[in-house]
Amino acid sequence: MNNNNSSYTSITLNDYFWDTAIERVKESPIYDGSHRGKQANEVGFLGEIVAEAWFNKHRLLFQDDRSKTTHDYILNKKITLDVKTKDRTVIPRTNFDNSVPLYNHNHQRPDYYLFISLLRDKQFDDDDIRRFKKAFIVGSIDIETLESTGKTWKAGEIDPSNKTKFWTDCINIPMDKLIPLNKTIKILTQPN
């Protein structure tokens with residue numbers, strides 16, 4: 001892992017990440033209403049594996065709770081966290097948005113979200129998981145701040161600033177509003 005700048009950390013993906021994600025995809029159903037099916041699972045699992053590597057690197061105590069639908073992990077035996085991963089074709093910038101879909105938001109209410117961006121090489125086939133070359137852990141946000149400062153978009157609306165057409169209702173939060181990773185680590189390691 002290396003720091004490209006103070007706002008995020010990048011990880012070069014390799015066989016460990018790809019192979020582990022493929023195994024998780026094989027063991028997981030494709031949920032009804034999934035926008036991208038198997039590809040959505042690949043993106044989500046890669047993000048989770050990147051998060052786990054980051055937790056381990058920083059010696060963050062975490063419990064894998066992905067079998068629940070309310071969050072992915074429990075950090076430091078008390079903080080619930082959900083990983084949200086976005087597929088991008090460019091390196092993330094501070095003016096980019098991070099999204100939390102609303103289709104299960106009433107049910108999925110973690111204390112924090114951790115946002116990860118995957119850099120996809122457009123020259124690779126969409127069925128090749130190795131199309132994702134790098135991952136960027138870009139920051140976190142607590143659910144209260146997300147809901148109070150994020151922008152809600154409805155399915156079919158178009159963001160005029162970047163021409164994104166939303167496939168589902170979501171809350172977007174700009175990357176520059178996220179909690180930086182050094183502060184995220186402090187939050188996730190607070191004494192009980």
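Counting from 1, the numbers follow the sequence of the chain as shown. Computed over heavy atoms, backbone and side chain alike; hydrogens, waters and symmetry mates excluded.
- No side-chain heavy atom of N98 sits less than 4.5 Å from a side-chain heavy atom of K84.
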Pair N76-T189, side chain to side chain donor-acceptor pair (under 3.5 Å): steps then yes or no: CA-CA 6 Å; N76 202 20; T189 57; over 6 Å; no

- request: Check step by step if salt bridge (Lys or Arg N to Asp or Glu O under 4.0 Å) holds for K133 and D121.
  value: CA-CA 7 Å; K133 298 298 186 184; D121 185 335; 5.3 Å; no

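- Under the 30°/60° scheme for interplanar angles, the aromatic rings of Y8 and F136 are found to stand perpendicular.
- The hydrophobic cluster containing W18 also contains V83, counting ILVMFWY residues as joined when their side-chain heavy atoms lie under 4.5 angstrom apart, directly or transitively.
- With contacts defined as side-chain heavy-atom distances shorter than 4.5 Å, the pair F96/K86 does not qualify.
- The structure places CD1 of I187 at 9.5 Å from CG of N182, a figure rounded to the nearest 0.5 Å.
- Checked against K68 for a salt bridge (charged side-chain N to carboxylate O under 4.0 Å, His left out), the options D65, D64, D72 give a single hit: D65.
- Within the 4.5 Å cutoff, no side-chain heavy atoms of T164 are placed close to those of W153.
- One finds a salt bridge joining R130 and D19 here, because a Lys/Arg side-chain nitrogen approaches an Asp/Glu carboxylate oxygen to under 4.0 Å.
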task: Could you walk me through whether R24 and E27 pass the salt bridge (Lys or Arg N to Asp or Glu O under 4.0 Å) test, one step at a time?
output: CA-CA 5 Å; R24 290 185 185 181; E27 297 170 0; over 6 Å; no

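- Contact annotation: the side chain of Y73 never approaches that of L114 to less than 4.5 Å [non-hydrogen atoms, C-beta and beyond].
- Residues I141 and I179 come closest through the heavy atom pair CA-CD1, 4.1 Å.
- For the pair I185 and W54, the minimum side-chain heavy-atom distance is below 4.5 Å.
- Put simply, the side chain of L81 does not reach to within 4.5 Å of the side chain of P110, judged on heavy atoms.
- Two residues are said to be in side-chain contact when any heavy atoms from C-beta on lie closer than 4.5 Å; L102 and I171 meet this criterion.
- For the atom pair T80 OG1 and I74 CD1, the distance stands at 7.5 Å (nearest 0.5 Å).
- Electrostatic pairing of K151 and E157 does not count as a salt bridge here, judged by no charged N lying under 4.0 Å from a carboxylate O.
- How far CG of N104 is from CZ of R109: 11.0 Å, rounded to the nearest 0.5 Å.
- In this structure, CG in N56 is found 10.5 Å from CG in L61, a value given to the nearest 0.5 Å.
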